[in-house]
Trainee: 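After the structure tokens below, expect a handful of questions from me.
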Amino acid sequence: MMNLYPTKKFRFPITAECISPDVFQDKKIEEIRRLTVWEGNKQRILGELFKVKESESETKMVVINIHGDVSRVRRIGAYMTSGQIVIYGNAGMHLGEEMEGGEIIVRGNVGCWAGSMMKGGKIEIYGNAGNYLGAPYRGVNKGMRGGEIVVHGNVGNEAGAYMRRGVIKVYGNAGQFAGLRMQNGTIYVQKDCEARVGACMKDGKIIVSGFLESVLPTFTIEGLKEKVKIENDETAEGPFYLFLGDTAEDGKGKLYVSKTKNPHLNRYEKLL
Amino acid sequence: MKVILVTGRTVKQGFWKEYGKFSKAYMESVSVCYMDARDMERLGIKDGTNVQVSTKHGSTILKALKSTRGKHSGIIFVPYGPWINGVVDPETDSVGMPSFKGTQAEVEPAPEKPVLSLEELLKKQFRKLNR
Amino acid sequence: MRTVKHVTCPVCGCLCDDLELTIKDEKVVKVKNGCALCKAKFLGYSKHRVLKPLVRKNGRFFEVSYEEAVSRAAEILTEANYPLLYGWSMTSCEAVSAGIELAEEIGGVIDTTSTLCHGPSTLGIQDVGISSATLGQVRHRADLIVYWGSNPLIAHPRHMERYTIFRKGRFQKEKRKLIVVDVRKTETAETADIFLQIKPNMDYEVLQALRALIRDQELDVDEVAGIPTERLEEIADTMVECRFGALFFGSGLTMTRGKNRNIDAVLSLVSDLNKLTKFIAMPMRGHFNVTGADMILTWQTGYPYAVDFSLGYPRYNPGETSAVDILLREESDAALVVASDPVASLPRKAAEHLAENPLIVVDPHMSATARMADVVLPSTFVGIESGGTAYRMDHVPLPLKKIVEPPEGILSDEEILRIILSEVKRKKAEQMENP
Amino acid sequence: MKMELIIRNGFVFDPINGVKGEKMDIAVRDGKIVERVNERKALEIDASGMLVMPGGVDIHCHIAGSEVNAGRLLRPEDHFKYSERKTATTRSGSGHSVPSTFTTGYRYSRMGYTTIMNPAMPPLMAKHTHKELNDTPMVDKGSFPLLGDWWFVLEHLSNGRIEECARYVAWLMTSTKGYAVKIVNPGGVEAWGFGHNVHSLDEQVPNFNITPREIIRGLCKVNKLLNLPHTIHVHTNNLGKPGNYTTTLETMKCVEDLAADDKPVIHITHCQFSAFKGSDWKTLRSGAEEIARYVNNHSHVTLDMGQVVFTDTTTMTADAPFQYTLHELTGSKWTNQDVETETSVGIVPFRYRRKSYVHAMQWSIGLELALLIKDPWKIFLTTDHPNAGPFTAYPRIISWLMSRRAREATMKKINRRAQSKSLLPSITRELDFYEIAVMTRAGQAKALGLKDKGHLGVGADADIAVYKINPEELDPSRDYKIVRKAFRRAAYTVKGGEIVARNGEILKHVKGATLWLKVKTSQQTKVNEDLKRRFRDYWTVEYENYPVSENSLDISHPINVEAKI
């Protein structure tokens, strides 16, 4: 088990995609200290920016613990395929970008593009996540293709944009454009959601259990549902309005919105 | 009074900025707030009365002018410039662009408060000039 | 007295190139064909000039030589860990090219004012593409013009006269139909055949509704953003029935809630319309060479703005590598501003951090930003006192002319940037020798 | 004075001078090939056991200009994993299928290429194209203005005023600093101005009293009157549509009578895209046999392949109606840019998949054309970069052309139906290094009329590529992977007499010249106020601001052309 302690409060962006179980695997602590990282435009070694300490571990799995604020450190766990990263503090942008397996746990907040384009594995965030959770890089039309992201706090805009598979669960609030252009998969928002949920979605499922500011005019009411399955044995209790859309792109995505939390939507009932 | 703040270009702002930002004409073209006539009535102010425009990001004093641009009750229009920049929402939503248009704001009459000159405004807002 | 013809106007993205200037004693005294903004620039530019390089010492400006100012600038930039190079939309492509090389050399971030105008449009294009054309194509063929969130009579005064409403074309002799969409009745809206006054921050909903309507989808709602659905149906029909439609959009879309997604929707709408008729879209680019700055950044680095060289190669991700975000996160530790006045145009919190950085300003005027600078390098007015190339909003490149001599000893942006670059290279080589 | 250089003991392939792998030395002085140099002073490259060829020439690659840049802008996703770091000698850059300019130059140079032709320049955007070409280092370059839908051309040709048309073309060629007449889907691009297209050589172009056949024939005559070094360069009507091979045959036939002295009068570019048989995508078959038969029996045509490689790429052509069809077909994002009075551009990202029947057939058709056309001087290696794949795939294509085994290895992995319909398994031909040298440099230089390029005779430009291949020891049929590797990274690339790259490393950033035609007609078009008004009326810029000035080219290399009029 490797433990990383930031040696200072970082001011410049730190790029450190080497902080990944796949990279640490089979490396001696000295080699890990010598891994390349960037601080602004200066090339450094990991050992300059972090105190690296090894500790006993019960599992064979590679585990990296980061103790402290790494909110300026970008790309932690990018491309990882196995092992575990636990961050006791806030983490920076692109956490777990394109990860394929393993697990990242953050006991704090994370920056934007967490789990961007991920294919597998799990990210669990106990604080808030920024914009573009699980969403792809600019111009890319393939978002999350598998795996699971759980956020206990709030998320920013465009969570799950271009999602093709997988699950995002948000136990707090979500920003605008959640599930933009999603094609499949599931997004669950336990609390409130800003407008434009499911914009341009083609297929897939979005569940909003809290207040939803407004439904896009291009969604049509389909019915009422008592409860909706999120994944495996987890269900969200309704009743829910079921909308289909986005008709602007001839989509047939399903948008479930809590009936009780959204009295302003009861005008749709006359269309049922 | 709660309003939605829209900032933008005006002929005068576009014209006078070419003459230099420290000119009086530039200040007069930019440190203004165009309001719907009914909103001004509701606030009990006249054309040319100073108002304080505030958001959660800051506040500024501007001269209220009656808008000639049709009815737009609930919307105030302020030309781009340093006077309003302390008030607009800097949030970029991670796309690089702050929210210059459509910010929730509060307008209140401030007839006794002066509109600052650019030099005064900069001195007030920037620590660097006071060192 | 002499006259210069076919001059390109260095003000807005229309880049009118038919100006005729009268020069007397190396001063422009008369402007023919220009709009009010154009005249203001040519007749008023020479006021409030800075004529000597300035360096701030103990809080005060001192006049110095270019050599001293450049040396100080190079020192600041060479030492920086994350310098920001901002501006670029009011200068020549040649100066931008020098700026990119400088940014690469010092491992900095170069961002343009696109970030504050049509950056979101670029993000929209990168998601869905854009069906567009040069302005002459619009002039010859369009029978329907839409201005959405833009007010050309104010921001691009000759746009309607040269390319759209008030100009005839080869295949379009009759009056064109004009639709204006805005949150208030602008000067342009007053000339419209159809004016849609929509609620602020609701453009996205209106655009998506139009997209559904042109697909013959029914809406479940009676109104969108204050506009009755039947009225939107009429607009959708008008768009479908035209022979050639052209939709111009402005910062009314890029700066409001939804930002890049408003553009995504507008471009998707126009793309969809091509199934049924011919339709094009175009962003109303503001500054005269903001398009050129985008273009040259794109061909040299692959990316149009917000390009980060800190890792030795270009990276791009607005929100991460864009000027306002970097400043709000207080990451930069030096800044170079060229041909722009961010202290007057950025939200205050961003401007504050910019001013806290060691700041180098290249500008002909004493701007609000120059007022905050540690080094001020006075430059010529591009398109008046020095030449170069600029790009019109529809990507047509045009020559900028040198019309009059600059004040004695004053260098152009390009020259200043080139000497900073060589000074930076010299300093770096020196450091390599004596680390 | 520049250094002298001698390349010793290589196996030299110089088809224009009839050299077929003889061991010899090549001497260089002042950027030119010379008889001999002072061997004690000259810098020496020991090329023993290596191939020595003229620097590669690319007759058709979209590497610069407004459409390429619109492609770059559209596709950050094409760049972010393909970055090149700045070094002490090179600039940084990015991009897979639409790389940034510096990177483009370096990548060509690493493969031993030294001259490239950018085949689609909207004249109104010529300043832009040349700015990008200025920033494309390591290679000499030229650009073809798009003329097939220019209003002046349509109007003059429809009135039968060939000479008048020729004078305007001469003016435009020189004004835009262009190198050849490019025609793309003639008439179709103008029709696209209102969202339409034309579908045969004899369909009337809307609003203009002319047909595609008349445009092609007219410009072919103009090209001859002006004595231009290259022929008209044609992207056929109906490109990319099943059944289009008949249009291609007709296009070649329609200028048959204009040929004289067995000289080519037309170049059909990226022919793969124009060699489809069948009535729809399901029944798509190869038309390569028919086209090859025609080309084998005629001498007035040259072609280039437009070879498909299986990768993610970006399609971009002036054939905007075709690009729109592609957008509808794929649902991918789409950029379009119509250019007033002249032309248009369309861009759509595209992935060629091995398992797609159509894509696999396209892959096969390109190779079939190259192998069934007997004379390598008639068909050249291109990918229509980036349309059928990026130019960096050339080494792979060389290995397919040289090795049946290489083709079979790929064949096994493609769509099964395509395997059964492909003509490739029946083709045993394997090209040798001489033929490859023709298809990748000598033939291309000859077709372009570049006198100083594509050969190693005395007086030629000292643009030379050395590859780590010993033709006496290596069997390219068997060792195709070694061939591929060697062509990917030239052992040495010499540009203008200097060693600029070695084993894939760029040693020196050199600018490279812009080649353009200074066309002289005895009687020039009179430019009076009336004509200027007409220009202003057609375009939205001033006549005076339209031309590209010579001093805007970093290194200008005008080629004087004496027209027959």
Side-chain angles (χ1 to χ4, degrees), chain C residues 5-6 8 15 17-18 93 97 101 104-105 107 122 125-141 162-163 170-171 243-244 271 274-275 277-280 294-296 298-304 309 311-317 389 391-392 394-399, chain D residues 64 66 68-70 72-80 83-86 91-95 98-103 124-125 127-128 131-132 135 151 192-195 207 324 327-328 332-341 344 347-348 536-545 549 552:
Chain C
K5 290 182 179 177
H6 323 293
T8 306
L15 218 63
D17 67 331
D18 60 344
C93 289
S97 186
E101 195 173 349
E104 187 189 69
E105 188 65 41
T122 299
I125 292 169
Q126 290 173 338
D127 276 325
V128 300
I130 180 169
S131 163
S132 199
T134 63
L135 289 161
Q137 196 77 351
V138 175
R139 184 188 124 200
H140 287 305
R141 297 176 201 259
R162 271 172 69 84
Y163 311 118
R170 181 174 188 145
F171 305 118
R243 183 167 66 150
F244 185 119
S271 183
N274 277 280
K275 286 192 181 70
T277 181
K278 177 91 185 180
F279 230 101
I280 68 105
D294 283 14
M295 286 296 101
I296 191 159
T298 304
W299 82 62
Q300 292 195 354
T301 74
Y303 308 113
F309 285 106
L311 305 192
Y313 56 88
R315 288 182 308 135
Y316 160 83
N317 189 18
T389 312
Y391 280 63
R392 203 164 71 179
D394 57 352
H395 299 183
V396 173
L398 285 162
Chain D
S66 50
V68 179
N69 218 32
R72 291 188 191 105
L73 185 133
L74 179 67
R75 301 208 64 197
E77 78 278 15
D78 178 82
H79 320 328
F80 80 119
S83 303
E84 300 207 5
R85 210 179 276 275
K86 167 185 159 37
R91 299 286 303 272
S92 65
S94 72
V98 269
S100 49
T101 50
F102 306 126
T103 301
L124 181 61
M125 309 300 204
K127 285 190 190 72
H128 178 150
K131 280 201 154 293
E132 282 199 32
D135 282 346
W151 287 357
W192 178 246
F194 283 116
N207 300 311
Y324 180 70
H327 157 65
E328 292 232 286
S332 298
K333 55 188 175 183
W334 165 61
T335 281
N336 181 85
Q337 172 84 348
D338 296 348
V339 180
E340 63 209 56
T341 315
S344 187
I347 302 155
V348 179
R536 229 173 286 147
D537 204 40
Y538 278 23
W539 287 287
T540 50
V541 301
E542 299 290 294
Y543 167 81
E544 289 76 5
N545 292 331
S549 65
S552 71

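This is a predicted model, so every value here is computed, not measured. Lettering follows sequence order; numbering is per chain, from 1.
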Trainee: Identify the two heavy atoms, one from C:Asp394 and one from D:Glu340, that lie closest to each other, and give their separation to 0.1 Å.
Mentor: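 Here C:Asp394 and D:Glu340 meet closest at OD2-OE1, 4.5 Å.
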
Trainee: Select one option (side chain, backbone, both, neither) describing which atoms of D:Ser66 are under 4.5 Å from chain C's heavy atoms.
Mentor: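 Neither part; nothing is under 4.5 Å.
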
Trainee: Select one option (side chain, backbone, both, neither) describing which atoms of C:Val396 are under 4.5 Å from chain D's heavy atoms.
Mentor: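 Interface part for C:Val396: both.
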
Trainee: Please identify, among C:Asp127, C:Ile296, C:Thr301, the residue contributing the most non-hydrogen atom pairs under 4.5 Å to chain D.
Mentor: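 Among C:Asp127, C:Ile296, C:Thr301, the one with the most close pairs to chain D is C:Thr301.
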
Trainee: As an exercise: rank D:Glu84, D:Arg75, D:Met125 by heavy-atom pairs under 4.5 Å with chain C and give me the winner.
Mentor: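 So the answer, after comparing D:Glu84, D:Arg75, D:Met125, is D:Met125.
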
Trainee: Between C:Leu398, C:Asn274, C:Asp294, which shows the greatest number of heavy-atom pairs under 4.5 Å with chain D?
Mentor: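 Of the candidates given, the most pairs with chain D belong to C:Asn274.
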
Trainee: Shortest non-hydrogen contact from C:Gly312 to D:Ser92?
Mentor: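 In this case the closest contact between C:Gly312 and D:Ser92 is O-CB, 3.6 Å.
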
Trainee: Which atoms of C:Arg139 come close to chain D, meaning under 4.5 Å heavy atom to heavy atom: side chain ones, backbone ones, both, or neither?
Mentor: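 The side chain, not the backbone.
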
Trainee: D:Thr540 and C:Arg162: which non-hydrogen atoms are nearest, and at how many Å?
Mentor: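 Looks like O-NH2, 3.0 Å.
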
Trainee: Establish, from distance only, whether the side-chain atoms of D:Asn336 and D:Trp192 form a donor-acceptor pair under 3.5 Å.
Mentor: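 There is such a pair between these side chains.
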
Trainee: Please rank D:Val348, D:Ile347, D:Thr335, D:Val339 by heavy-atom pairs under 4.5 Å with chain C and give me the top one.
Mentor: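 Max contact count across the listed options: D:Thr335.
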
Trainee: In this structure, is the centre-to-centre distance between the rings of C:Phe171 and D:Phe194 below 6.0 Å?
Mentor: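 Under 6.0 Å, so yes.
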
Trainee: List the steps, then state whether side-chain contact (heavy atoms from CB on, under 4.5 Å) holds for D:His79 with C:Tyr316.
Mentor: CA-CA 10 Å; D:His79 320 328; C:Tyr316 160 83; over 6 Å; no

Trainee: Any idea which of D:Tyr543, D:Tyr324, D:Trp539 has the most non-hydrogen atom pairs under 4.5 angstrom with chain C?
Mentor: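 The answer is D:Tyr324.
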
Trainee: When heavy-atom pairs shorter than 4.5 Å are enumerated against chain C, which of D:Glu328, D:Arg536, D:Lys131 gives the highest number?
Mentor: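 The option with the most such pairs is D:Lys131.
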
Trainee: Check whether D:Tyr538 gets within reach of chain C through its side chain, its backbone, both or neither, counting any heavy atom under 4.5 Å.
Mentor: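 D:Tyr538 touches chain C through backbone and side-chain heavy atoms alike.
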
Trainee: Counting heavy-atom pairs under 4.5 Å with chain D, which one of C:Phe244, C:Phe309, C:Tyr303 comes out on top?
Mentor: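 Maximum pair count with chain D is reached by C:Tyr303.
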
Trainee: Please report the closest heavy-atom contact between C:Ser271 and D:His327, naming both atoms and the distance.
Mentor: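 Nearest pair, atom of C:Ser271 first, then D:His327: OG-NE2, 3.6 Å.
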
Trainee: If I measure from the heavy atoms of chain D, does C:Ser131 come under 4.5 Å with its side chain, its backbone, both, or neither?
Mentor: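 Both backbone and side chain.
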
Trainee: Count the heavy-atom pairs under 4.5 Å between each of C:Gly129, C:Pro397, C:Ser132 and chain D, then report the option with the highest count.
Mentor: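 Option with the greatest count: C:Ser132.
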
Trainee: Taking side chain to side chain contact (heavy atoms under 4.5 Å, CB included) as the definition, give me every residue that meets it alongside C:Thr277, ordered by chain and number, with sequence neighbours left out.
Mentor: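 Here the qualifying residues are C:Cys242, C:Phe279.
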
Trainee: Check whether C:Arg243 gets within reach of chain D through its side chain, its backbone, both or neither, counting any heavy atom under 4.5 Å.
Mentor: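 Looking at C:Arg243, backbone and side chain both touch chain D.
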
Trainee: Can you say whether C:Asn317 sits under 4.5 Å from chain D via the side chain, the backbone, both, or neither, judging by heavy atoms?
Mentor: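 Nothing of C:Asn317, per the 4.5 Å heavy-atom cut-off to chain D.
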
Trainee: Heavy-atom distance under 4.5 Å to chain C: side chain of D:Trp334, backbone, both or neither?
Mentor: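 Contact with chain C is through both the backbone and side chain of D:Trp334.
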
Trainee: Specify which of C:Glu104, C:His140, C:Arg315, C:His395 makes the most heavy-atom pairs with chain D at under 4.5 Å.
Mentor: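 So the answer, after comparing C:Glu104, C:His140, C:Arg315, C:His395, is C:Glu104.
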
Trainee: Between C:His6, C:Lys5, C:Gln137, which has the largest tally of heavy atom pairs under 4.5 Å with chain D?
Mentor: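 It is C:His6.
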
Trainee: Would C:Val138 and C:Ile280 count as a side-chain contact (heavy atoms from CB on, under 4.5 Å) here? Give the steps.
Mentor: CA-CA 8 Å; C:Val138 175; C:Ile280 68 105; 3.7 Å; yes

Trainee: Output yes when D:Arg91 and D:Asp135 qualify as a salt bridge under the 4.0 Å nitrogen-oxygen rule, no when they do not.
Mentor: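 Salt bridge: no.
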
Trainee: Got a donor-acceptor contact below 3.5 angstrom from the C:Gln300 side chain to the D:Ser100 backbone?
Mentor: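 Absent.
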
Trainee: Could you work out, with ring pair (Phe, Tyr, Trp, His ring centres under 6.0 Å) as the rule, every residue matching C:Tyr163, not counting sequence neighbours?
Mentor: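 Ring pair (Phe, Tyr, Trp, His ring centres under 6.0 Å) list for C:Tyr163, sorted by chain: C:His159.
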
Trainee: Side chain, backbone, both or neither: which part of D:Asp78 has a non-hydrogen atom closer than 4.5 Å to chain C?
Mentor: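 Neither part.
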
